[in-house]
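This report concerns only the one structure given below.
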Amino acid sequence: MNILVVGGGGREHAIIKKLKEDPRAENIYALPGNGGIAADAVCLGGSAADIPAVIAAARENNIDFVVVAPDDPLVLGMADALEAEGFLCFGPRKNAAIIEGSKAFSKDLMKKYGIPTAAFETFTDIDRALAYVDDCPLPTVVKADGLALGKGVLICETREAAREAVRSMMEGRLFGDSGATVIIEEFLTGPEVSVLSFTDGETVVPMVSSMDHKRALDGDQGLNTGGMGTIAPNPCYTPEIAAKCMETIFLPTIRAMKAEGRPFRGCLYFGLMLTSDGPRVIEYNCRFGDPETQVVLPLLESSLLEIMLAVSEGRLSGTEVRFSDQSACCVILASQGYPQKYEKGFPITLPETAADERIYIAGAVQKDGRLLTSGGRVLGAVAVAEDLPAAINKAYTLADKIHFGNAFCRRDIGRRALKALEGK
Ligand code: AMP
Ligand code: GLY
């Protein structure tokens, strides 16, 4: 089988490595891919959001199955376009990807179907939004409606900060047109859990839970990033909470999307907060998380290719999805300065990896036979072990054997999770 994976980060590297474990995966292509993915797939370059280029690449390489991993092409309708050309595709259609593409849509969906989430108001008029923040409870959360690279959320402790957030999104267009509509919502507290799930629109199968670390620096300080590390499973997510999420969030969401005529087929990501009043949805993503995927897929024992085919063909209920009961940790090595300005072009030296270690490359290019840094998040060092403390230790041991100029990582990935374990 010839497979095309659209995307070119650490998440896509993890997906490709897992797909390769199935003997049916003969040739794997990545568009664009990257210098590290090139060790595992034929990298075609180009842009993941370029729908005509992806269709042309699928034709040219006799592709049997396309996996669209990033949010922007899905929100733009790449899955629809591929299907219209007769290609079997993993990833939701445009009318379902809107669950991530518009927060106003997802908040209205949750309200309509009684799915627990933070109380909110939606605004398209700046004066009304400013009047609202003048007497809403503080802190308050101001969110841009559309895609903003995970950065369109501002938590405001003061009224002045809330006004400034509204102005910068609606007037200053801090996040471009994504901020033409804003959502202002109740501030919730509690541990956060990421649950990725496979769904064919009828059946939903949650994957092992995980925990992201979004801030750039130790102790959850510094700017928000795309994610500086992950652990799985998330110890805060007990079997009781999982059962409650299935009943109050996962199944109701799948049924709501179907009832709206927008069946969701692909990976639906539930970003949850475990509040004292029960689990609440913080966000939906229409795709695998990055770097959640880098800890979830190494724990998957069943064939990812088989599951993805089953999702795309609407036969997930009869398909085995089995996870190991081990733990995994991913430490992201980034370029100093990320998520702002950083230098690139430094050579990367990689150690040999053992069976329970993986290095997923996110931002690197090949030049004259060498691997050079080319991104903010450069790679993820991942280890699997019998429990979480051992996985964390092994991931840092691996990370410390990887070298490139201006590298930095957080040294406390998993610490919060270990604290939660101690509390049990
Ligand atoms: P989002 O892009 O919606 O996932 O938001 C990014 C981050 O902002 C989340 O992971 C939370 O840490 C935080 N956040 C979002 N919404 C809320 C909320 N209502 N209350 C508290 N924190 C929030
Ligand atoms: N790690 C968060 C995300 O993928 O959106």
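All ligand and atom numbering here is 1-based and tracks the order in the structure. Positions are given from 1, in the same order as the sequence printed here. On a predicted model such as this, the values are computed, not experimentally measured, just so you know.
Taking every non-hydrogen atom of Glu283 and a distance limit under 4.0 Å, the qualifying atoms of ligand 1 come out as 1 (P), 2 (O), 3 (O), 4 (O). Atoms of ligand 2 lying under 4.0 Å from any heavy atom of Asp212, numbered from 1 in the order shown and given with element: 1 (N), 2 (C). Residue-ligand proximity, Lys143 to ligand 1, at heavy-atom distances under 4.0 Å covers atoms 3 (O), 15 (C), 16 (N). For ligand 2, the atoms lying closer than 4.0 Å to a non-hydrogen atom of Gly289 are 4 (O). Per-residue contacts place Gly226 under 4.0 angstrom from the following atoms of ligand 2 (heavy atoms of the residue considered): 1 (N). Close contacts between ligand 1 and Phe187 involve ligand atoms 20 (N), 21 (C) [criterion: under 4.0 Å to a heavy atom]. Ligand 1 places these atoms under 4.0 Å from at least one heavy atom of Glu185: 16 (N), 17 (C), 18 (C), 19 (N).
One finds no salt bridge joining Glu192 and Lys214 here, because no Lys/Arg side-chain nitrogen approaches an Asp/Glu carboxylate oxygen to under 4.0 Å. With respect to Lys143 and Glu283, no salt bridge is recorded, no charged nitrogen being found less than 4.0 Å from a carboxylate O. No salt bridge links Glu121 with Arg128; every basic N to acidic carboxylate O contact stays at or beyond 4.0 Å. Between Asp72 and Arg287, none of the side-chain N atoms (NZ, or NE/NH1/NH2) sits under 4.0 Å from a carboxylate O, so this pair counts as no salt bridge.
Checked by atom type, the side-chain pair Ser335/Lys344 shows no donor-acceptor distance below 3.5 Å. Defined by atom type and a distance below 3.5 Å, a donor-acceptor pair is present between the side-chain atoms of Asp145 and Ser102. Looking only at atom types and distance, the side chain of Glu292 has a donor-acceptor partner in the side chain of Ser194 under 3.5 Å away.
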**Report entry** ring pair (Phe, Tyr, Trp, His ring centres under 6.0 Å) between Tyr284 and Phe270, worked out
**Finding:** CA-CA 5 Å; Tyr284 294 112; Phe270 298 90; 5.8 Å; yes
Requested in this report: Would you please test Arg410 and Asp220 for salt bridge (charged side-chain N to carboxylate O under 4.0 Å, His left out) and show each step?
Outcome: CA-CA 9 Å; Arg410 275 180 64 159; Asp220 296 318; 3.0 Å; yes
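On a distance-only criterion, Glu292 and ligand 2 share at least one N/O pair closer than 3.5 Å.
Scanning all heavy atoms of the two residues, the minimum distance from Tyr360 to Ala14 falls at CE2-CA, 3.4 Å.
Nearest-residue assignment for atom 20 (N) of ligand 1 (options Ile282, Leu188, Leu147; heavy-atom criterion): Leu188.
Residue contacts with ligand 1 include Lys103, since one of its heavy atoms falls under 4.0 Å from the ligand. Ligand 2 is never approached by Phe288 to a heavy-atom distance shorter than 4.0 Å. The closest approach between a heavy atom of Gly271 and any atom of ligand 2 is not below 4.0 Å. Taking a 4.0 Å cut-off on heavy atoms, Gly227 fails to register as neighbouring ligand 2.
At a heavy-atom cutoff of 4.0 Å, ligand 1 is contacted by no atom of Thr189, backbone or side chain. Contacts with ligand 2 closer than 4.0 Å are made by side-chain heavy atoms of Arg287 only, the backbone lying farther away. Contacts between Thr230 and ligand 2, counted as non-hydrogen atom pairs separated by less than 4.0 Å, are absent for every part of the residue.
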